[in-house]
Every structure is written in structure tokens, then in C-alpha cells.
Amino acid sequence: MKQKIVIKVEMTCDKCRSKAMALVAATVGVDSVALAGDGKDQVVVVGDGVDSVKLTSALRKKVGRAQLLQVGEVKKEEEKKQPAEAAAVVEYAYPWHYYQHPAAGAYGYPQYYSSPGACWM
């Protein structure tokens, strides 16, 4: 069963954010990690079999104040939206015609004589 965990962490700089993201991503069972909230102070973790209490205490030790806000099951609707968004791939149309260089001779330079039996001495 996949679960969604939201943890509010006191992060003041980008270094703290990257440290928190790396710590959470290294945890066993985590599928995805994202930042949320107005000040990017909430870490949203989606995974299977993730211990939310241990994750929160690890964030407290390594980053700073951490508060567990929400633990819940991932809804089926969110899983259905992801394949639909992935299917909407933009394809770029390439032109059917393109400029071709004039045909060259056998060795890459144009032949200046018309028949192979012509003598030019």
C-alpha cells in the first residue's frame, strides 16, 4: 500500500532543502520526493512501507525542526493522472523535404568529361 507523508521542516536555505531531499530520497521504500508549501518548507514523500516517525526524527537530527503533518493513502485518481499526462507527448513535425546537395562523381568530385572512352591527351 502506497502512502503519502507530508512533513513540515524548518528550512531556511537551498542547502538545507537539498540536504533534506537527499536524506528522504535515501530512505528505503521511497518512490518520490517533492517540496510543497508557500515557502517550500513541506516535504511530500510517496512510498511503500516508509516509517513516518523514523523519517521525521531523522530530519530533526540532520536538518532542524520537523513536524509530521499528514499520513495517508495515495488516491487512485493521482495514479491515473500520471499516465494520462505522460501520454500527452508533443511531437515535432519535421519537414518532408530538405535540401539535397547535387550528386557528385564516384570519388566525390564532379566528372568533367562525358564519355569514359574520350582521349584528352
Side-chain angles (χ1 to χ4, degrees):
M1 172 180 83
K2 284 192 175 185
Q3 58 184 357
K4 180 179 177 181
I5 303 167
V6 180
I7 303 171
K8 184 174 182 177
V9 183
E10 192 172 304
M11 298 179 282
T12 57
C13 61
D14 290 334
K15 185 177 179 181
C16 296
R17 287 183 186 93
S18 64
K19 191 175 184 180
M21 294 279 284
L23 178 75
V24 173
T27 306
V28 176
V30 173
D31 291 334
S32 67
V33 182
L35 292 175
D38 294 332
K40 302 242 184 213
D41 59 346
Q42 295 178 0
V43 178
V44 180
V45 181
V46 177
D48 189 23
V50 180
D51 190 4
S52 59
V53 176
K54 286 185 180 179
L55 187 61
T56 306
S57 64
L59 283 169
R60 281 185 191 137
K61 288 179 184 177
K62 298 288 182 178
V63 180
R65 290 186 178 180
Q67 179 183 3
L68 185 62
L69 295 180
Q70 178 185 5
V71 177
E73 187 176 338
V74 175
K75 298 178 183 177
K76 300 273 183 176
E77 296 172 9
E78 291 178 0
E79 293 177 3
K80 290 181 182 177
K81 287 182 184 178
Q82 292 174 352
E85 291 174 1
V89 176
V90 177
E91 294 184 19
Y92 295 102
Y94 293 102
W96 289 98
H97 57 85
Y98 55 93
Y99 178 75
Q100 292 182 345
H101 295 284
Y107 297 104
Y109 54 90
Q111 296 177 354
Y112 294 105
Y113 53 92
S114 61
S115 64
C119 181
W120 49 279
M121 272 199 215

**Prompt:** Same hydrophobic cluster for Val30 and Leu68, using side-chain heavy-atom links shorter than 4.5 Å among ILVMFWY?
**Reply:** yes

**Request:** Identify whether Leu55 and Val46 are in the same connected component of the hydrophobic contact network (ILVMFWY, side-chain heavy atoms under 4.5 Å).
**Result:** no

**Item:** Approximate separation, where rounding is to 0.5 Å, of Thr27 OG1 and Leu59 CG
**Value:** 7.5 Å

**Spatial distance of atom CG (Asp41) from atom CZ (Arg65) [nearest 0.5 Å]** = 13.0 Å

Report all side-chain donor-acceptor pairs from residues 16-26 shorter than 3.5 Å, counting only partners two or more places apart or in another chain.
{"unit_1": "Arg17", "atom_1": "NE", "unit_2": "Lys40", "atom_2": "O", "d": "3.4"}
{"unit_1": "Arg17", "atom_1": "NH1", "unit_2": "Cys13", "atom_2": "O", "d": "3.3"}
{"unit_1": "Arg17", "atom_1": "NH1", "unit_2": "Asp14", "atom_2": "OD1", "d": "3.2"}
{"unit_1": "Arg17", "atom_1": "NH2", "unit_2": "Gly39", "atom_2": "O", "d": "3.2"}
{"unit_1": "Ser18", "atom_1": "OG", "unit_2": "Asp14", "atom_2": "O", "d": "3.3"}
{"unit_1": "Ser18", "atom_1": "OG", "unit_2": "Lys15", "atom_2": "O", "d": "2.9"}
{"unit_1": "Lys19", "atom_1": "NZ", "unit_2": "Lys62", "atom_2": "O", "d": "3.3"}

**Prompt:** Side chains of Val43 and Leu35: does their closest heavy-atom pair fall under 4.5 Å?
**Reply:** yes

With sequence neighbours left out, what residues match [X] under side chain to side chain contact (heavy atoms under 4.5 Å, CB included)?
X     : result
Asp31 : Lys2
Gln3  : Ile5, Val50, Val71
Ala36 : Gln42, Val44

**Item:** Residue pairs passing the salt bridge (charged side-chain N to carboxylate O under 4.0 Å, His left out) test where at least one lies in residues 46-56, sequence neighbours excluded
**Value:** none

